[in-house]
There are 2 protein chains.
Amino acid sequence: MTRTRKTAEERQQQIVQAVLDLLPTTPVESLSTTVIARQVGLTQAAIFRHYPTKNAIWAAVLNEIRKRARGSWDEALAGATTPLDRIRAVLAAQLTLITEFPAIPTLLFTSGRVEAEKDIRPVHLAVMRDLRVLLVAELGAVRAEGQVSQPASDQDCADLLMGLIQGTVLRWTLTGHGFDLVAEGRRLIDIQLSLFAKGNLR
Amino acid sequence: MTRTRKTAEERQQQIVQAVLDLLPTTPVESLSTTVIARQVGLTQAAIFRHYPTKNAIWAAVLNEIRKRARGSWDEALAGATTPLDRIRAVLAAQLTLITEFPAIPTLLFTSGRVEAEKDIRPVHLAVMRDLRVLLVAELGAVRAEGQVSQPASDQDCADLLMGLIQGTVLRWTLTGHGFDLVAEGRRLIDIQLSLFAKGNLR
DNA sequence: GCCTTTAGTTAGTGATAACTCACTAACATA
DNA sequence: TATGTTAGTGAGTTATCACTAACTAAAGGC
């Protein structure tokens, strides 16, 4: 038994990672502290040394997800030049993130435990709002560029794109990941963007 | 105590109705057989005389929802004349149904218990498939009418519309029913349909 | 080498979940 | 009025949940 004790901080990260690893295969309500503990390699009680309540774990997990989402968006934004390309890149990044962490839609589509609602829902809303703000900004840039102006407001266009993403992810989740989310998403995004573009050519 | 015993069939319907009534205000995982029994006015044990397992209750509830969805679609289809109007009507009907039974997205967005998945998910998929088939058919009719032909395939257009609906419903759910779902949905649907229409005018 | 700090364990708590079983009483019918 | 059927009851069962208290032992400064 070469059991080495780890620092509390390390364990906290480990616990969050364990939840992220388990979520794609474990229904949220079956993801008990016992299951988490087994994944980390600790006893169930040890979990409560690092997080005071289970809700605290959910909050930590959601914040980690939010952090990763922001990171991947920033990366996508930096890698593209035109506003339209940035829209494509950010949405593709979001879909890629979701394929890497199917935990995200699982949590998103789960109304969740009664008490967890208070902790989880605000983070969801924040992530969605962040993405929407980003889209509206880029759509505004597209419009400002002048060449292509959408027939609908930037907000409406953003909502249509958000719906497209969410709907596709929902379909992907319900079909048990039955298709390539990123490819299908990219395809539909291109169609939608081309519809925006064509809209003003009349 | 003029306690009259009811038939098993009556009770079964009553139990399903009780779940539908409770769902908007009760988190899915708090909706125990005890709560259901209290709503119906029976003991908890009596529930199991009418449904062998709790999953059986969920299955019955989902099938009832599916039945009602079909019913409201049919009504919408019958009340509209042109294919485009039928699309608008069916989607609005679906949104109206959801405002009447917020239980639907609650169930849809909840991954649910492990075992319930087997019973619940297929019904979800069936409902979504039904709606999509309907949309594809009407979009085909729009195209066949000749005047307006979409720049994308009927299937893709249907997916865009489905995403629009699902995304809007998700937003509505997460914001705690913070806006008028039907009105907002109609607005976005009209925009999307006009995008389809304009697409071929170039 | 001792001593403080703290990660981790063992062994519980009470609450609540779905489900069972022996029994009772309302009902239909003969 | 007697009898078989079945809706409904009350008192359980087992399992699992989040969480806690008392204790143990590893780590690290002195």
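The analysis underlying the following values was restricted to heavy atoms, covering all of them including side chains, and did not include hydrogens, waters or symmetry mates. On a predicted model such as this, the values are computed, not experimentally measured, just so you know. Lettering of chains follows the sequences in order, A, B, ..., and the numbering in each one begins at 1.
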Review point. Can you tell which of D/dA18, C/dA18, D/dC19 lies closest to the side chain of B/Thr33?
Key: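 Output: C/dA18.
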Point to revise | Among C/dC19, C/dT9, D/dA11, the one nearest A/Ala45 by side-chain distance | key: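 Ranking C/dC19, C/dT9, D/dA11 by closest atom to the A/Ala45 side chain puts C/dT9 first.
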Using whole Å, what does the distance between atom [atom2] of nucleotide [N] and atom [atom1] of [X] come to?
X	N	atom1	atom2	value
B/Ile57	C/dA17	CD1	P	13 Å
B/Gln12	D/dA7	CD	C1'	12 Å
B/Phe48	D/dA7	CZ	P	16 Å
B/Gln44	C/dC21	CD	P	14 Å
A/Ile36	D/dC17	CD1	P	10 Å
A/Lys54	D/dC19	NZ	P	8 Å

Exercise for review: Please name all residues satisfying side chain to side chain contact (heavy atoms under 4.5 Å, CB included) with B/Gln17, sequence neighbours left out, ordered by chain then number.
Suggested key: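 Side chain to side chain contact (heavy atoms under 4.5 Å, CB included) check on B/Gln17 returns B/Leu20, B/Asp21, B/Arg68.
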Review point. OP1 or OP2 of C/dG8 sitting under 4.0 Å from any side-chain N/O of A/Thr43?
Key: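 No, no such contact exists.
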Check your understanding: C/dA17 phosphate, OP1 or OP2: any side-chain N/O from B/Ser32 under 4.0 angstrom?
Key ->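 For B/Ser32, the contact criterion (side-chain N or O under 4.0 Å from OP1 or OP2 of C/dA17) is met.
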Name all residues meeting the salt bridge (Lys or Arg N to Asp or Glu O under 4.0 Å) criterion together with [X]; count only those two or more places apart in sequence or in a different chain, and write none if there are none.
X	result
B/Arg86	B/Glu138
B/Arg132	B/Asp159
A/Arg38	none
B/Asp180	none

Strictly under 3.5 Å: I want the nitrogen or oxygen pairs between protein and nucleotides 3-7 of chain C, one per line.
unit_1, atom_1, unit_2, atom_2, d
C/dT6, O2, A/Arg5, NH2, 3.4
C/dA7, O4', A/Arg5, NH2, 3.1
C/dA7, O3', A/Lys6, O, 3.3
C/dA7, N7, A/Arg49, NH1, 3.4
C/dA7, N3, A/Arg5, NH1, 2.9

Check your understanding: Counting only heavy atoms not in A/Arg186, do more than 12 sit closer than 6.0 Å to its CZ atom?
Key ->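 No, because the 6.0 Å sphere around CZ of A/Arg186 holds 12 heavy atoms or fewer from other groups.
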